[in-house]
Amino acid sequence: MILPNVRASFGRTEAEWLVRLLSVGDERRQRHWEGVLAERGIDPLLDDPRTLDAILRQPTLAPLPPPLVVYVILRQTMLERGIESRALCDYVAALVLHFGEGRRALRIREYDDQEYRYLVDIVAEADEASGTRAFLLHAHLGNYALWLSGLFPDFIVARVQRKGGPGLDYYETLGQTGYRLAAGDPYARHHALHGLYDMAADAFGPVRRALNTFSDTYLLPKASAPDDRVLRQATNDYQDHTD
C-alpha cells in the first residue's frame, strides 16, 4: 500500500541540503534559512520555488537524496496547477518513487504473486474480491491509472492513433473510480486514508496533467514535440479550461 510518507522521511540530512541550496554559499542567507527552519519547520524550504531553481542549477543531482528531489519537483509542478495540498503531493511523490522500483507498478503491494498490466484486469478481479484485497485492488486501480496516464501519456495517445486504444479520459475515469471506491472502504477509514483518496479522485485530472509536465520536463524530455504530444497538449489545454 502506498502511503504519503515522503515528507515524514526527511530529517537532518535533507534539511541541511535545503539550507545549503537556498544559501548559495552566502552566510547571511544561511542564517536566515536556518532561522526559518528552526521557527517554521521544513515546509517553507520545500515550498519555496528557489529550492527547485537551485536543484536545477546543480552540475549533478547524484549527491542529493532522490526523495527530496522528486518531492521538490512535484511540489512546484503541482502548485503551478493550483494543487496546494501537501498531503496529496506527498502521496504522488511516494507513488512515483515506489512504482519506479522494479515491477512494483504491476502489483497491488510490494510482495504479491499477481501482476496486472491492464486496468480492465484490475477491475475484473476487484469485482470478485472482498476484504483487504478488494481495497488494495481499488487503490491500485487509481494508482496504476495515474502512473500510466501521468508519466507515459505519449504512449497512450500513440496507441489511440495507431491501434484505437482507450484515451486519457478512460484512464481518468477508471482512476477516479478506483480512488473513490478505495475511499469508501472501511480499511481506508481505519487507516485515515479516506480523505486522501477522495482528494485524489477529485483532483485526478489536474494531478495527471502535473505529472505530464513532470515527465515531459524532467523524466522523459524530448528535443522536439511529436504529433502525439501536440495532440495530448491540446487535450490538456482544453481540460484545463473546463475543469
Side-chain angles (χ1 to χ4, degrees), residues 2-7 10 43-56 61 66-100 105 119 139-157 167-180 182-183 193 195-222 225 228-243:
I2 304 296
L3 297 173
N5 55 11
V6 177
R7 277 168 63 238
F10 295 157
D43 280 323
L45 285 71
L46 291 168
D47 293 354
D48 197 298
R50 287 171 290 187
T51 303
L52 176 56
D53 292 339
I55 287 176
L56 297 179
L61 299 181
L68 178 65
V69 174
V70 170
Y71 181 88
V72 168
I73 293 175
L74 283 173
R75 180 68 171 147
Q76 291 304 316
T77 306
M78 292 174 70
L79 283 171
E80 289 171 3
R81 290 281 178 181
I83 307 166
E84 298 185 1
S85 169
R86 291 191 180 106
L88 187 55
C89 179
D90 204 3
Y91 184 79
V92 175
L95 175 64
V96 169
L97 290 165
H98 280 282
F99 273 24
L119 298 185
H140 190 66
L141 178 61
N143 291 337
Y144 194 44
L146 184 60
W147 165 260
L148 289 176
S149 63
L151 298 185
F152 309 103
D154 293 344
F155 173 72
I156 292 172
V157 173
L168 291 169
D169 55 345
Y170 167 85
Y171 288 82
E172 288 199 15
T173 298
L174 286 187
Q176 288 175 316
T177 299
Y179 282 137
R180 197 74 73 190
L193 292 170
L196 180 64
Y197 286 131
D198 271 332
M199 192 186 311
D202 291 339
F204 193 99
V207 172
R208 191 268 297 172
R209 294 191 283 280
L211 281 173
N212 289 170
T213 300
F214 172 79
S215 179
D216 291 350
T217 307
Y218 306 104
L219 187 64
L220 301 169
K222 295 182 180 179
D228 54 359
R229 181 166 291 185
V230 172
L231 290 172
R232 189 246 301 165
Q233 186 60 50
T235 301
N236 283 349
D237 291 343
Y238 172 75
Q239 291 175 329
D240 283 339
H241 286 90
T242 56
D243 282 344

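A quick note: this is a predicted structure, and the numbers were derived from the prediction, not measured. Residue indices begin at 1 and follow the sequence shown.
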Using every non-hydrogen atom in the two residues, find where [X] and [Y] come nearest and quote the distance to one decimal.
X	Y	value
Pro206	Arg81	O-CG, 4.2 Å
Leu168	Ser149	CD2-CB, 3.9 Å
Ala145	Gly175	CB-CA, 3.6 Å
Leu74	Cys89	C-SG, 3.9 Å
Tyr197	Ala183	CB-CB, 3.6 Å
Gly150	Asn212	O-ND2, 2.8 Å

Item to complete: Mind checking salt bridge (Lys or Arg N to Asp or Glu O under 4.0 Å) for Asp43 and listing every partner two or more places apart, or none if nothing turns up?
Response: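 Salt bridge (Lys or Arg N to Asp or Glu O under 4.0 Å) list for Asp43, sorted by chain: Arg7, Arg86.
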
Worksheet item: Which residues satisfy the salt bridge (Lys or Arg N to Asp or Glu O under 4.0 Å) test with Asp90, sequence neighbours excluded?
Response: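 Once residues adjacent in sequence are excluded, Asp90 has no partner under the salt bridge (Lys or Arg N to Asp or Glu O under 4.0 Å) criterion.
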
State which residues pass side-chain contact (heavy atoms from CB on, under 4.5 Å) with [X]; sequence neighbours excluded, sorted by chain then number.
X	value
Leu3	Met1, Asn5, Leu193
Ser85	Ala87, Leu88, Met199
Asp202	Arg180

Discussion item. Using the ring centroid of each side chain, check whether Phe99 and His140 are separated by less than 6.0 Å.
Written reply: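 Yes.
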
Taking the side chain as every heavy atom from C-beta outward, state whether [X] and [Y] have any pair of such atoms under 4.5 Å apart.
X	Y	value
Asp198	Tyr179	no
Leu211	Val96	yes
Phe155	Leu148	no
Leu151	Leu146	no
Leu46	Thr51	no
Tyr218	Thr213	no
Pro4	Leu196	yes

Worksheet item: Can you check whether Asp169's main-chain N or O pairs, donor with acceptor, with Thr173's side chain at less than 3.5 Å?
Response: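 Between the backbone of Asp169 and the side chain of Thr173 there is a qualifying donor-acceptor contact (under 3.5 Å).
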
Item to complete: Would you mind listing every side-chain hydrogen bond (donor to acceptor under 3.5 Å, both in side chains) that reaches into residues 69-80, with sequence neighbours excluded?
Response: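 Residue pairs passing side-chain hydrogen bond (donor to acceptor under 3.5 Å, both in side chains), neighbours aside: Asp47-Arg75.
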
Discussion item. Going by the rule side-chain hydrogen bond (donor to acceptor under 3.5 Å, both in side chains), which residues pair with Tyr144 if we only count those two or more places apart in sequence or in a different chain?
Written reply: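 In terms of side-chain hydrogen bond (donor to acceptor under 3.5 Å, both in side chains), with neighbours along the sequence ignored, Tyr144 is linked to no residue.
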
Worksheet item: Can you list the residues that meet the ring-ring contact (aromatic ring centres under 6.0 Å, His included) rule with Phe204, with sequence neighbours excluded?
Response: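 Not a single residue meets the ring-ring contact (aromatic ring centres under 6.0 Å, His included) criterion with Phe204.
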
Fill in: Set of residues satisfying ring-ring contact (aromatic ring centres under 6.0 Å, His included) with respect to Phe152, sequence neighbours excluded
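So Phe152 forms a ring-ring contact (aromatic ring centres under 6.0 Å, His included) with Trp147.
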
Worksheet item: Hey, what do you get for CD1 (Ile73) to CG (Leu56), rounding to the nearest 0.5 Å?
Response: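 Interatomic distance, Ile73 CD1 to Leu56 CG, rounded to 0.5 Å: 6.0 Å.
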
Item to complete: Evaluate the side-chain contact (heavy atoms from CB on, under 4.5 Å) criterion for residues Ile2 and Tyr91: first the C-alpha distance (whole Å), next the side-chain angles of each, then the deciding distance (0.1 Å), finally the verdict.
Response: CA-CA 7 Å; Ile2 304 296; Tyr91 184 79; 3.8 Å; yes

